[in-house]
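What follows is a short report on a single structure.
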Amino acid sequence: MHDFRRAAAPSTAPATPPPPTASSRFPDAPPGGSARPADAPNRPGGEPSGAPAGSAPPRPAEPPRRTALPEETLTESTTRLRPVRDEQPTGWTPASSSSRRSVDALDQALGGRPRRPYITFARPETYHPETHDGTRSRPSRPRRLTAATCVVLGLGLIGGAVTGSWLTGDADADGDRGNFAAAEQLWHSVPVDQLFPRTLDGEGAGPGGADRTWTRIAVAPDTGCEDAFDPLLRKALAPVGCLRLLRATYTDATRSHVTTVGLLFTTADSAAMASLKSRFEREGLDRRTDLMPLPYAAQGTLADRFGAGQRASWTLSVLTDAPVVVYAVSGFADGRTITEPEPAAEAMKSGVTTAPAQSGLGHEAQGLADRVERGFRKTVASAGDKAS
């Protein structure tokens, strides 16, 4: 019986791929051998009839190498990339960095061409003709003239300022001496309302820049200094003497504070006043609690209980352009006793928690003293102008 399975069984031998088609890069014949005819029959399995059974297929031949053409056969087809050589005129020699060629020599080197314009830059202003490299600088004539003019004008301005200052200083000195002499007589020649106005406005004089208004409630008759100061303050003021003392007491808009302002007219000259001012500042006498001025407690007024024990804050200023000491002392109108008085300069500082500072009594004393002093200075200046 015929075995169909045997006949139908496929061959297990590996199939040999057909050789590549002949081309110019892969010829049929290997290098050095003869080429196979195009019409040669192939053996079963893709092998050629001349190859033995079971031999490997021929490897493709290597591509032929290109033969370089001779160098002389290369021909340049473009001039765009041709190197350009420097063309210099015949007979031309580049000038060295240390020499310059004149216009005639340049034209001769270029073959006798017509003379060209020769452009040069202007010499710097500091160049001097005696040198070749210009290292020796010397200012030109216009600059020398300008510098000399500036020097003359500067000297003239300085001299004028010195002369003017000297003349003005003498005039100011004469005016100061005249004002100082006129201030000595103001205590009895000026109305009281001019020295101590009935109402004083203190714009920005209160705590935090608040406005203040003070009303005069009492004026003391002019007196000496025997009972107006504590013994220690009277002793400290003794070097300048006591000609007359003027005082007035004010209250604020709320009528809760009372303040006494005083003008002490002395018998001293300007040098003695300057010495006293220097001592108060140097030794801090205007900050000592045992050197506080006494208040003026007028009977039957809001300040009738304003005594020595009610003093809360004070200020004192020694003038040098007039024989006057200005002071002020403040307290509560209800007569409460103050155990720790404080100078106005300290009570006005931010963040202070003492009773005088919290109540604004330091601002009351300083504000009133400043405004009375300003009014007095204006009066002195007006009296000095009339005297001259």
Side-chain angles (χ1 to χ4, degrees), residues 172-205 212-225 228-229 233 237 240-252 258-278 280-281 286 292-296 313-330 344-345 363-388:
D172 292 343
D174 292 341
D176 291 342
R177 285 193 293 267
N179 292 342
F180 194 92
E184 295 176 348
Q185 309 299 323
L186 291 181
W187 66 272
H188 61 80
S189 61
V190 177
V192 64
D193 289 344
Q194 188 172 344
L195 294 177
F196 302 114
R198 294 180 180 271
T199 303
L200 283 173
D201 293 330
E203 182 178 358
R212 284 287 186 269
T213 300
W214 299 284
T215 303
R216 191 185 69 192
I217 59 177
V219 176
D222 57 283
T223 61
C225 299
F229 301 107
L233 181 56
L237 296 173
V240 295
C242 178
L243 178 64
R244 216 65 183 166
L245 177 64
L246 306 181
R247 294 173 293 172
T249 300
Y250 288 80
T251 185
D252 66 331
V258 287
T259 304
T260 296
V261 186
L263 294 174
L264 169 61
F265 287 81
T266 69
T267 59
D269 56 8
S270 59
M273 296 299 295
S275 177
L276 181 66
K277 180 180 178 64
S278 177
F280 264 75
E281 293 178 351
D286 55 344
M292 285 188 298
L294 288 172
Y296 173 61
S313 186
W314 79 99
T315 181
L316 188 145
S317 177
V318 180
L319 306 185
T320 57
D321 55 349
V324 175
V325 176
V326 183
Y327 69 89
V329 56
S330 61
H363 291 80
E364 297 288 318
Q366 190 66 57
L368 270 168
D370 287 345
R371 279 146 185 83
V372 170
E373 180 180 339
R374 293 175 191 172
F376 176 75
R377 288 182 182 276
K378 292 181 180 179
T379 302
V380 171
S382 178
D385 292 341
K386 293 179 180 179
S388 58

Kindly state each residue pair satisfying salt bridge (Lys or Arg N to Asp or Glu O under 4.0 Å) with at least one member in residues 265-275, sequence neighbours excluded. none
Nearest heavy-atom neighbours spanning A322 and M273: O-CE, 3.9 Å
May I ask you to decide if V240's main-chain N or O and T267's side chain share a donor-acceptor pair within less than 3.5 Å? yes
Which pair of non-hydrogen atoms, one from R244 and one from G224, has the smallest distance, and what is that distance? NH1-N, 4.5 Å
Separation of K378 NZ from Q194 CD (nearest 0.5 Å): 11.0 Å
Tell me which one of P293, S330, P295 satisfies side-chain contact (heavy atoms from CB on, under 4.5 Å) with W314. P293
Show your working on side chain to side chain contact (heavy atoms under 4.5 Å, CB included) between V329 and L294 and close with a plain yes or no. CA-CA 7 Å; V329 56; L294 288 172; over 6 Å; no
Where R371 and G202 come nearest, the two heavy atoms and their spacing: NE-CA, 3.3 Å
With the side chain counted from C-beta on, respond yes when P323 and F265 share a heavy-atom pair under 4.5 Å apart, and no when they do not. no
Between F280 and L316, what is the shortest heavy-atom contact and its length? CE2-CD2, 3.7 Å
Atom pair OH (Y296) and CG (L245), whose distance is rounded to the nearest 0.5 Å: 11.5 Å
Does A328 offer a backbone N or O that forms a donor-acceptor pair with the side chain of T315 under 3.5 Å? no
Pairs involving residues 187-197, ordered by first then second residue, that meet salt bridge (Lys or Arg N to Asp or Glu O under 4.0 Å) (sequence neighbours left out): D193-R198, D193-R216
Working note: L368 + L200, criterion side chain to side chain contact (heavy atoms under 4.5 Å, CB included); need CA distance, chi angles, decisive distance, verdict. CA-CA 8 Å; L368 270 168; L200 283 173; 3.7 Å; yes
Can you tell me how far apart OG (S270) and NZ (K277) are? Round to the nearest 0.5 Å. 14.0 Å
Begin from the C-alpha positions of F376 and V326 and carry the test side chain to side chain contact (heavy atoms under 4.5 Å, CB included) through to its verdict. CA-CA 10 Å; F376 176 75; V326 183; 5.6 Å; no
Closest non-hydrogen atoms of V380 and A183, given as atom of the first, atom of the second and distance, are CG2-CB, 3.9 Å
Quick one: do the T260 and T249 side chains pair a donor with an acceptor below 3.5 Å? yes
Would you say the side chain of L319 lies within less than 4.5 Å of the side chain of S317, judging by non-hydrogen atoms? yes
Is there a side-chain contact between Y327 and M292 (heavy atoms, below 4.5 Å)? no
Answer yes or no: is there a side-chain heavy-atom contact under 4.5 Å between L186 and V324? no
With a 4.5 Å cut-off on side-chain heavy atoms, are L237 and C225 touching? no
Return the set of residues passing salt bridge (charged side-chain N to carboxylate O under 4.0 Å, His left out) with E373 (not counting sequence neighbours), or none when no residue passes. R377
Drop me the distance from T213's OG1 to D201's CG, to the nearest 0.5 angstrom. 5.0 Å
Nearest 0.5 angstrom please: E184 CD to S189 OG, how far? 11.5 Å
Any non-hydrogen side-chain atom of E364 less than 4.5 Å from a side-chain atom of W214? yes
How long is the gap from CG on L246 to CZ on F196, to the nearest 0.5 Å? 5.5 Å
Checking side-chain contact (heavy atoms from CB on, under 4.5 Å) between L195 and each of V190, V261, V219, V372, which is the one that passes? V190
